[in-house]
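Have a look at the structure below, then the notes.
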Amino acid sequence: MDPNGKVALITGAGSGIGRATALLLAEKDASVVVADVDESGGNETVEKVKAAGGEAAFVRADVTSREDVEAMVAFTTKTYGGLDIAYNNAGVGTPGPRFPDAAPEDWERTFLIDLLAVAACIQAQVPAMKERGGGVIISTASIAGLMGYMPDPIYAAAKHGVVGLTRSMEFLQAEANIRVNCVCPGVVDTPMVHRVRDNADPKARAQAEALLASMPLLEPRTIAETVLELIRDESANGVAMAVTYGRPAAWTMQSVTLGLRRMLW
Ligand SMILES: NC(=O)c1ccc[n+]([C@@H]2O[C@H](COP(=O)([O-])OP(=O)(O)OC[C@H]3O[C@@H](n4cnc5c(N)ncnc54)[C@H](O)[C@@H]3O)[C@@H](O)[C@H]2O)c1
């Protein structure tokens, strides 16, 4: 699908990868709905899109609330007349201590935002896309959705869930002309990663610093470009697309795993 003249809805667009994707899709002449629980970040993204000559509107939505998710889709169709592209990108890591020591409410929240909310967003978006005769849905999983990720087992489990959901929904293309794909980024230079590095626990901070120093970080724009590729490529359906820096995904996955083992054991 060519994003030109289309309507895109992006969750977690108030920061990092979501913001970079909002800017790129607006550059390609899509109208963009910036959804985020963070109002100031979301409004800042809209200002940046508009300053670059694009079209965007902000809606405050907590993706863990069914009501907010329904309202976010309704806002999109009301503001721009329909929904063609949905990018379910909002996500969080689990605050320390690491599972199984993590508090139940902390790890449950990770599953809620990173997996259950993605399914809830898809469920709310499909009827709106059917009204348009089709669409493209993309989610942000992670390289941690394709490999073990020892610092945050719950995050990895949730992201594996997003990959499984994506791969199992390719039937929607035949049924409703909707393609469902996800991106699986390596480590990206966003506030999420900065928060890990700023961990109050000195041991966790040292581990995070060592891991981050061992590889170049991806730019959020690189992930946005992959999202654009998946939107444009009519043959992409049920795909979990790894995005890693200058090396094949398998190499990155192996080196991250080996690096983590050295650091954590
Ligand atoms: N940064 C990385 O290295 C990396 C790697 C792989 C995958 N990811 C994934 O990329 C996605 C975007 O992360 P980022 O790195 O840009 O981080 P980020 O923290 O910069 O952005 C995440 C955004 O999601 C929003 N958000 C969080 N909870 C929400 C909720 N309940 N409802 C609505 N919005 C909510 C936040 O307010 C924030 O604006 C996440 O799904 C993350 O898991 C990140």
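All heavy atoms count here, side chains included; hydrogens, waters and symmetry mates do not. Atoms within each ligand, like the ligands themselves, are counted from 1 in listed order.
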Determine, for E234 against R179, whether the closest basic-nitrogen to carboxylate-oxygen distance falls under 4.0 angstrom. yes
Less than 4.0 Å between a side-chain N and a carboxylate O, is that true for K50 and E55? no
Looking only at protein heavy atoms, identify the closest one to [atom] and say how far it is in Å.
atom: atom 31 (N) of ligand 1; result: D62 OD1, 2.9 Å
atom: atom 24 (O) of ligand 1; result: G12 CA, 3.4 Å
atom: atom 27 (C) of ligand 1; result: V92 CG1, 3.9 Å
atom: atom 22 (C) of ligand 1; result: G91 O, 4.0 Å
atom: atom 10 (O) of ligand 1; result: T140 CG2, 3.2 Å
atom: atom 17 (O) of ligand 1; result: M192 CB, 3.3 Å

Quick one: does [X]'s side chain have a donor or acceptor within less than 3.5 Å of a partner on [Y]'s backbone?
X: T222; Y: L218; result: no
X: T79; Y: T76; result: no
X: S31; Y: Y80; result: no

Compute the minimum heavy-atom distance from [X] to ligand 1 and say whether it is under 4.0 Å.
X: R19; result: no
X: T11; result: no
X: A61; result: yes

Show the atoms of ligand 1 that are less than 4.0 angstrom away from any heavy atom in [X].
X: P185; value: 5 (C), 6 (C), 7 (C)
X: V193; value: 1 (N), 2 (C), 3 (O)
X: G186; value: 3 (O), 5 (C), 6 (C)
X: P191; value: 20 (O)
X: G16; value: 16 (O), 20 (O)
X: V187; value: 3 (O)
X: D38; value: 37 (O)

Should [X] and [Y] be regarded as members of a common hydrophobic cluster, given that ILVMFWY residues are connected when their side-chain heavy atoms come within less than 4.5 Å of each other, either directly or indirectly?
X: L83; Y: I231; answer: no
X: V180; Y: I223; answer: no
X: V33; Y: V227; answer: no

Testing the basics here: between A13 and T45, what is the closest heavy-atom pair and its distance to 0.1 Å? O-OG1, 2.7 Å
Could you pull out the closest heavy-atom pair between G12 and N89, with the gap in Å? O-ND2, 3.3 Å
Test of proximity, [X] against ligand 1: N or O pairs below 3.5 Å:
X: R109; value: no
X: I17; value: yes
X: Y155; value: yes
X: V188; value: yes
X: R195; value: yes
X: N89; value: yes
X: V63; value: yes

For a quick check under 3.5 Å, do [X] and [Y] share a side-chain donor-acceptor pair by atom type?
X: N237; Y: Q173; value: yes
X: T94; Y: D152; value: yes
X: Y87; Y: T140; value: yes
X: Q125; Y: N88; value: yes

Quick test of your reading of the structure: of [options], whose heavy atom lies closest to [atom]?
atom: atom 35 (C) of ligand 1; options: S65, C182, A90, G42; value: A90
atom: atom 18 (P) of ligand 1; options: S40, P220, S15; value: S15
atom: atom 15 (O) of ligand 1; options: T190, D36, I10, D114; value: T190

Under a 4.0 Å heavy-atom limit, does V37 contact ligand 1 with its side chain, its backbone, both, or neither? both
Once you restrict to heavy atoms under 4.0 Å, what part of A141 touches ligand 1? Side chain, backbone, both or neither. backbone
Residues which pass ring pair (Phe, Tyr, Trp, His ring centres under 6.0 Å) with F58, listed by chain and number, not counting sequence neighbours: none
Residue pairs passing the salt bridge (Lys or Arg N to Asp or Glu O under 4.0 Å) test with at least one member in residues 67-89, sequence neighbours excluded, are R60-D68, D84-R132
